[in-house]
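For the single chain, residues carry numbers from 1 onward in sequence order. Only this structure's heavy atoms are used, side chains among them; waters, hydrogens and symmetry mates stay out.
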Amino acid sequence: MAKNLWEKGKESVSHPTRTVKNLICWLACIVVTVALVAGSMISPQISIAQGDVANEDIFYEGAVITYTSQIRTSAARTEAAAQVAQVFRIDNEVLTTAVDELNSIFAFVNSVKNKTDSTEAEAISSVRSRVPGGYNDSVLTYLLGLSDEDVNMLRDELALIITQSMQNGVTSDELPNTLFAISTEIEALNRSDSLTVFLQTVVDSLDLQANKEYDAVATAQEVERVMEEVEPVQVTVQSGEKLVSKGAYVTAEQIEALSALGMLSQSSQILPYLGLIAFVFLLYFLMVRYIRVYKPLQNRRPTDILLIGVVMILTLVLCKVVSLIRVSDQVEVVTQIGFLMPVSA
């Protein structure tokens, strides 16, 4: 029985008239299918450039699509880079050297003070040679009469002022204000005027320098890191969304959107069409082979072939109608509409 059906099927295929009718039906189905699918896949072409004035409103009529906007991504990365603060490098050696020099000066004062084989005039001369300045000799007499503990206390107070003023870094522009702040702190110690002058002279002899410098390399690395962390900006375009308004100047961002959607006239449309035709032809070829081998009875009647093609085309039409349904502006909701398509048919 199966063999007879197979032979009949072969005979029907070999019949010239029936073969031509079947071929015409299949070709008609292929053409209609390509037209339906291409209507959603290929957008109308527009000839427009950046800076032109739009003669009419431009809408997108295709399916919902998401593309990566290079312009918005670049803008987001530029904005992120602008928020990066300059990176400075603190040279701790400057402060360490200053404190060491300060300790050396007060250690020298103690050593001179504790000498028993020198006169007061010689001691004053030694200290003045170590710390030259315009202070009075009376302050040196006062210092030489202090105990080691009192001298060290003065040293520690002065070291604390300098350290607190410079430990967080001082740029060359900030240095004058920092030196002024140190002088103010020295005056706030409530020492005698002559001792205040001596302490200020000690600070001047340290020749404090800026210890905070702009690090161009580190700043550039930070900018690069921040820019790399910015995710590419994804733009979702809904069906029926206005891309360009009539009478408005066309921006680079709008040109990018039109190009991504394949709506610019310079966009290549040959490959999408060829790919679509090849895909549809392959599907119908497999269907024809299936019917000729496993359903030879249907293959005998062109009306059955036409009915199969009509069912497939109606399914595509229903899918097209469902895809046009817009129940929300949220992409997450719109994508769920695809589950309503009667693909099981």
Return the [atom1] to [atom2] distance between [X] and [Y], rounded to the nearest 0.5 Å.
X: L95; Y: T163; atom1: CG; atom2: OG1; result: 5.0 Å
X: K212; Y: E174; atom1: NZ; atom2: CD; result: 5.5 Å
X: L140; Y: S138; atom1: CG; atom2: OG; result: 8.0 Å
X: D156; Y: F106; atom1: CG; atom2: CZ; result: 9.0 Å
X: L102; Y: L158; atom1: CG; atom2: CG; result: 5.0 Å
X: K115; Y: L144; atom1: NZ; atom2: CG; result: 11.5 Å

Does the [X] side chain pair with the main chain of [Y], one donor and one acceptor, at a distance under 3.5 Å?
X: N211; Y: V170; value: yes
X: T236; Y: T66; value: no
X: S125; Y: A121; value: no
X: T219; Y: D215; value: yes

Under 4.5 Å between any side-chain heavy atoms of [X] and [Y], yes or no?
X: T178; Y: L208; answer: no
X: L195; Y: L143; answer: yes
X: T196; Y: L189; answer: no
X: T141; Y: E120; answer: yes
X: N110; Y: N152; answer: yes
X: R128; Y: D137; answer: yes

What are the two closest non-hydrogen atoms of [X] and [Y], and how far apart are they?
X: T201; Y: P132; value: CG2-O, 3.3 Å
X: S245; Y: A54; value: O-CB, 3.5 Å
X: M263; Y: Y60; value: SD-CD1, 3.8 Å
X: R191; Y: M153; value: NH2-SD, 4.4 Å
X: F108; Y: S126; value: CE2-O, 3.4 Å
X: V230; Y: A76; value: CG1-CB, 3.9 Å

Are [X] and [Y] connected in the hydrophobic side-chain network, where two residues link if heavy atoms are under 4.5 Å apart?
X: V310; Y: L283; answer: no
X: I90; Y: V99; answer: no
X: L146; Y: Y135; answer: yes
X: V87; Y: V223; answer: no
X: Y290; Y: F281; answer: yes

Is the closest side-chain donor-acceptor distance between [X] and [Y] under 3.5 Å?
X: S183; Y: Q200; value: yes
X: Q209; Y: D207; value: yes
X: R130; Y: S104; value: yes

Give a yes or no on this: more than 12 heavy atoms of other residues, nucleotides or ligands lie within 6.0 Å of atom [atom1] of [X].
X: Y67; atom1: OH; result: yes
X: N114; atom1: CG; result: yes
X: D204; atom1: CG; result: yes
X: F59; atom1: CZ; result: yes
X: Y214; atom1: OH; result: yes
X: E229; atom1: CD; result: yes

For residues 249-257, please give each side-chain donor-acceptor pair under 3.5 Å, one per line with the distance, not counting sequence neighbours.
unit_1 : atom_1 : unit_2 : atom_2 : d
T251   : OG1    : Q254   : N      : 3.2
T251   : OG1    : Q254   : OE1    : 3.4
E253   : OE2    : R72    : NE     : 2.4
E253   : OE2    : R72    : NH2    : 2.5
Q254   : OE1    : T251   : N      : 3.0
Q254   : NE2    : L243   : O      : 3.2
E256   : OE1    : S69    : OG     : 2.7
E256   : OE2    : Q70    : N      : 2.6
E256   : OE2    : I71    : N      : 3.2

Scan residues 74-85 for pairs that pass side chain to side chain donor-acceptor pair (under 3.5 Å), counting only residues two or more places apart or in two chains.
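Output for this query is empty, none listed.
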Enumerate donor-acceptor pairs with a distance under 3.5 Å from any side-chain N or O in residues 31-38 to protein atoms, sequence neighbours excluded.
unit_1 : atom_1 : unit_2 : atom_2 : d
T33    : OG1    : C29    : O      : 2.7
T33    : OG1    : Y284   : OH     : 2.8

Walk me through whether E213 and T171 qualify under side chain to side chain donor-acceptor pair (under 3.5 Å).
CA-CA 6 Å; E213 297 180 351; T171 64; over 6 Å; no
Evaluate side-chain contact (heavy atoms from CB on, under 4.5 Å) for L206 paired with I105, printing each intermediate quantity in order.
CA-CA 10 Å; L206 299 179; I105 290 174; 4.2 Å; yes
Cationic N near anionic O, under 4.0 Å, R225 to E228
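No salt bridge links R225 with E228.
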L199 pairs by side-chain contact (heavy atoms from CB on, under 4.5 Å) with which of I161, V139, I186?
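Exactly one candidate clears the test, I186.
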